[in-house]
Amino acid sequence: MPLPAPDLDDRRFQDLVDEAKRLVMRRCPEWTDHNVSDPGITLIETFAQMTDQLLYRLNQVPDRLYITFLNLIGLRMLPPTPARAPITFWLSSPARARLAIAAGTRVGTLRTATAESIVFTTREQLSVVPCSLARIRTAVEPGSEEEDAAAGGSAAGTADRSRLLADGRSFPAFRRPPGIGDALLVGLSDPVPGCVVRLGFRGRVEGVGVNPKHPPLVWEAWTGDGWTGCEAGLDETGGLNTSGAIVLHLPAAHRASVVDGDRAGWIRARVVEPEEGQPPYTDSPVVDGLTVCTVGGTVEAVHAEPVGTEVLGQAEGVPGQQLPLRHSPVLAGYGPPVVETSSPAGWLEWTEVEHFADSGPQDRHFTLDAVSGLVLFGPVVRETDGSLRHYGAVPEKGAEVRIRGYATGGGARGNLAAGSIRRLKSSIPSVAAVENRRPAQGGVDGETLDQAKDRGPLLVRTRSRAVTAEDYEILAREAAPEIARVRCVPADRDPAAAGGVRVLVVPAAAMEDGRILFENLVPPEPTLSRIAARLDRARVVGTRVVLEPPLYRGVTVVARLVARPRVNVERVREGALDVLHRYLNPLPGGGPEGTGWPFGRPVQAGEIFGRLQQVSGVELVEDVRLFSADPVTGVRGKEARRIDLDENSLVFSYEHQVRVEAH
């Protein structure tokens, strides 16, 4: 499908006639007969027809020629990409039987009077597996064979404490005193990949315990390749300091394994080095009782409307056939769609390719114009000797064509803060609630026609080869449309980095009123891998490419405002904070021009003053102060009227402070 060509003048015959009649009523009110039989109306329609033909010719140049040229060089508009988020399904009671949450389950945000619900759909089936405590093992003191034998353990470094637990007897969770690496191993009756388990711990600490807010303890699960960290959604025990519940989110790769002859789905609590300034374990927590149950599960969902198997029509048996989809645009990053054609031997699969240049007459290939929603089969080209060359196979005449595995929707509106998705759209028994514990990220709006026109000359120059900095930026965006911004700069000028480039990637992070979590500005590893693979094919031999996020300079604004009379002071304060977070923002939508803060642009107190003065309800801006800050450590610098950024750095809003006084 060619790019949509703009109309320089979109008026048509009837529009011209209606406009002429309105002018007649204004300029000549005594003319009241506007029937078709009136000679004056006939003249108006005649000239409208001639003008319509003139406008038709006008619309052929010059933009239409420019768009035609872009079509000839193979430029395609980039489609939108969907945001993704892990969705946790919470059960109304602990699982007693296996519960399957089917792929395609719909969840979304709450609908309000001003905003429609944003719907996400799960990609894979989630199995919520019930579990219980099967085994519990601890490390044993060297030389304590008698205690080990009494506990029914082995001499392999851990002892089975299940019998002690069943008899109601207490035992230490770690050695005394606990050492780095000591672990309490909990064996589940079954592995629970992707599930949420709740541990009911009864115990105590004899003597001085650790800081319950920063305990030197991590939870891990066995995944077959090693121990993988578990996210602790809740820990009422404060690092096994006291009795309470512990909620763990287990990784999707959780597997059963054998530890000292006992097979179970193992998880463990391991003692680690305490944080700086925090106390270590001086004595081992004592375990009085432990119960385990499954209370939920987590699966990834995308901001998309998946389309099932869709019949496109019948093949005509000719090269270059185009078949439209019912839904467009087709999302990028959702997964490769599959086209199938019927045959006496069954359904034949066709593979999507970027172009037909490398396709032979027997290759079942197709291309998909994602923006317009067109499936295209290979063309035939007449060679100089008069023969015909087929680029791709041709579906047999009369064969039914269908497609599966594509979705629509997506866009930047799917980038949501953690906790925004709370509504279950599909009825599932035993599921009480849903939530996204992490932000939904990766949603990017589709490319506009103006953006495609700007990219056209760059595409001609790159020819799928990366030589200049702009080449790297264009190819990186084509490889990962879900990124928000990209910038290519030469590597640092030192002998070790000579001949290299740095590609700075800014992901499409979730925003709420302009606020961004700093950790969400780290590009996902799959995105970086896809960009690296594309640039590796296009780079000049000998060029080293480094992918990384840009350097962010935190900026804290401290301001004092005076509100207008009879204006809610708190509302003015929230409005001022929203303006600061949206203005000092590295993502599209922020910055002076709404495209994100420019790389290397300094921040000056004067422009902040002007922005705050425009906030609704502000009578006067009394004072504005700027402080640089490290977003990681939180360390602030000295007050400054101007904060200079490195050439390839961006700003990050960090804990602005606004005080509003009543008039």
Side-chain angles (χ1 to χ4, degrees), residues 70-81 330-339 349-360 362-371 376 378-379 381 391-392 405-406 442 444 446-447 451-452 454-492 496-508 522-550 648:
L70 295 182
N71 286 321
L72 290 176
I73 65 175
L75 178 71
R76 293 185 181 179
M77 296 175 63
L78 300 178
T81 61
V330 178
L331 287 183
Y334 182 81
V338 177
V339 168
E349 287 192 2
W350 294 63
T351 305
E352 182 184 8
V353 294
E354 184 178 354
H355 50 73
F356 295 109
D358 300 324
S359 301
Q362 305 302 322
D363 295 329
R364 292 196 294 269
H365 293 168
F366 74 95
T367 62
L368 175 64
D369 191 316
V371 174
L376 301 92
V381 176
Y391 288 86
Y406 81 94
V444 177
E447 189 177 40
Q451 292 171 339
D454 293 339
R455 189 164 55 91
L458 301 177
L459 179 64
V460 174
R461 188 166 67 242
T462 63
R463 302 298 296 173
S464 299
R465 304 301 304 174
V467 179
T468 66
E470 289 181 339
D471 298 344
Y472 283 95
E473 294 173 1
I474 294 171
L475 295 175
R477 183 167 293 279
E478 289 181 353
E482 67 271 20
I483 60 178
R485 300 175 68 183
V486 62
R487 180 179 176 88
C488 178
V489 297
D492 296 335
V501 296
R502 295 166 55 214
V503 179
L504 308 179
V505 179
V506 180
V522 178
E525 188 61 34
T527 299
L528 294 180
S529 300
R530 193 161 65 253
I531 297 176
R534 180 67 181 91
L535 296 183
D536 185 62
R537 297 194 304 268
R539 65 183 175 87
V540 177
V541 175
T543 303
R544 292 187 297 274
V545 182
V546 178
L547 297 175
E548 59 185 8
N648 301 307

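Just so it is clear, the values below take in all heavy atoms, side chains as well, and ignore hydrogens, waters and symmetry mates.
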Chemist: Do V501 and L535 come close enough that some side-chain heavy atom pair is under 4.5 Å?
Modeler: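 Sidechains of L535 and V501: no contact.
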Chemist: If every non-hydrogen atom of R502 is compared with every non-hydrogen atom of P490, which pair is closest and at what distance?
Modeler: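 Here R502 and P490 meet closest at CD-O, 4.3 Å.
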Chemist: Only counting residues at least two apart or in another chain, list the ones meeting salt bridge (Lys or Arg N to Asp or Glu O under 4.0 Å) with R477.
Modeler: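 Testing R477 for salt bridge (Lys or Arg N to Asp or Glu O under 4.0 Å), a comparison that skips the adjacent residues, returns none.
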Chemist: Specify the closest pair of heavy atoms between A466 and D471, including all atoms of both residues, with the distance to one decimal.
Modeler: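 Shortest heavy-atom contact: CA-CB, 3.6 Å.
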Chemist: Taking all non-hydrogen atoms of both residues, which atom of V486 and which atom of A476 are closest, and how far apart?
Modeler: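 It is CG2-CB, 4.0 Å.
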Chemist: Work out which heavy atom in P337 is nearest to a heavy atom in L368; give both atom names and the distance.
Modeler: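 Shortest heavy-atom separation between P337 and L368 comes out as CG-CD2, 3.7 Å.
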Chemist: Taking R530 for the side chain and A479 for the main chain, is one N or O donor matched with an acceptor at less than 3.5 Å?
Modeler: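 Indeed, once roles are kept as given, a pair shorter than 3.5 Å links the two residues.
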Chemist: So which heavy atom on T527 is nearest to which on E482, and how close?
Modeler: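 Here T527 and E482 meet closest at OG1-OE2, 3.1 Å.
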Chemist: Quick one, D369 and V371 - any side-chain contact, counting heavy atoms below 4.5 Å?
Modeler: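 SC-SC contact between D369 and V371 confirmed.
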Chemist: Who pairs with E473 by salt bridge (Lys or Arg N to Asp or Glu O under 4.0 Å), at least two apart in sequence or on another chain?
Modeler: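 For E473, no residue satisfies salt bridge (Lys or Arg N to Asp or Glu O under 4.0 Å) once neighbours in sequence are set aside.
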Chemist: To the nearest 0.5 Å, how far apart are CG in D363 and CZ in F356?
Modeler: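 Rounded to the nearest 0.5 Å, the CG-CZ separation comes to 10.5 Å.
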Chemist: Would you say E447's side chain and L78's backbone share a donor-acceptor pair under 3.5 angstrom?
Modeler: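 Present.
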Chemist: For a 4.5 angstrom cut-off between non-hydrogen side-chain atoms, does P79 reach L331?
Modeler: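 When only atoms from C-beta onward are counted, L331 and P79 do not touch, as no gap falls below 4.5 Å.
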Chemist: Would you please test Y472 and T543 for side chain to side chain contact (heavy atoms under 4.5 Å, CB included) and show each step?
Modeler: CA-CA 12 Å; Y472 283 95; T543 303; 3.3 Å; yes
Chemist: Taking all non-hydrogen atoms of both residues into account, name the closest pair between P507 and A484 and its distance.
Modeler: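 In this case the closest contact between P507 and A484 is O-CB, 3.7 Å.
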Chemist: Of V330, V339, V338, which is the lone residue that meets side chain to side chain contact (heavy atoms under 4.5 Å, CB included) with Y406?
Modeler: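 For Y406, the side chain to side chain contact (heavy atoms under 4.5 Å, CB included) test succeeds with only one of V330, V339, V338, which is V330.
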Chemist: For the CG atom of D358 and the OH atom of Y391, what is their distance to the nearest 0.5 Å?
Modeler: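 One gets 10.0 Å once the value is rounded to the nearest 0.5 Å.
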Chemist: Side chains of V444 and I483: closer than 4.5 Å at any heavy-atom pair?
Modeler: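 A side-chain contact under 4.5 Å is absent here.
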Chemist: Going by heavy atoms in the side chains, are E352 and F366 under 4.5 Å from each other?
Modeler: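 Answer yes - side chains close enough.
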Chemist: Looking at E548, I want to see if its CD is surrounded by more than 12 non-hydrogen atoms of other residues, nucleotides or ligands under 6.0 Å.
Modeler: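 More than 12 within 6.0 Å, yes.
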Chemist: State which residues pass salt bridge (Lys or Arg N to Asp or Glu O under 4.0 Å) with D536; sequence neighbours excluded, sorted by chain then number.
Modeler: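 Scan of D536 (salt bridge (Lys or Arg N to Asp or Glu O under 4.0 Å), adjacent residues dropped) gives R539.
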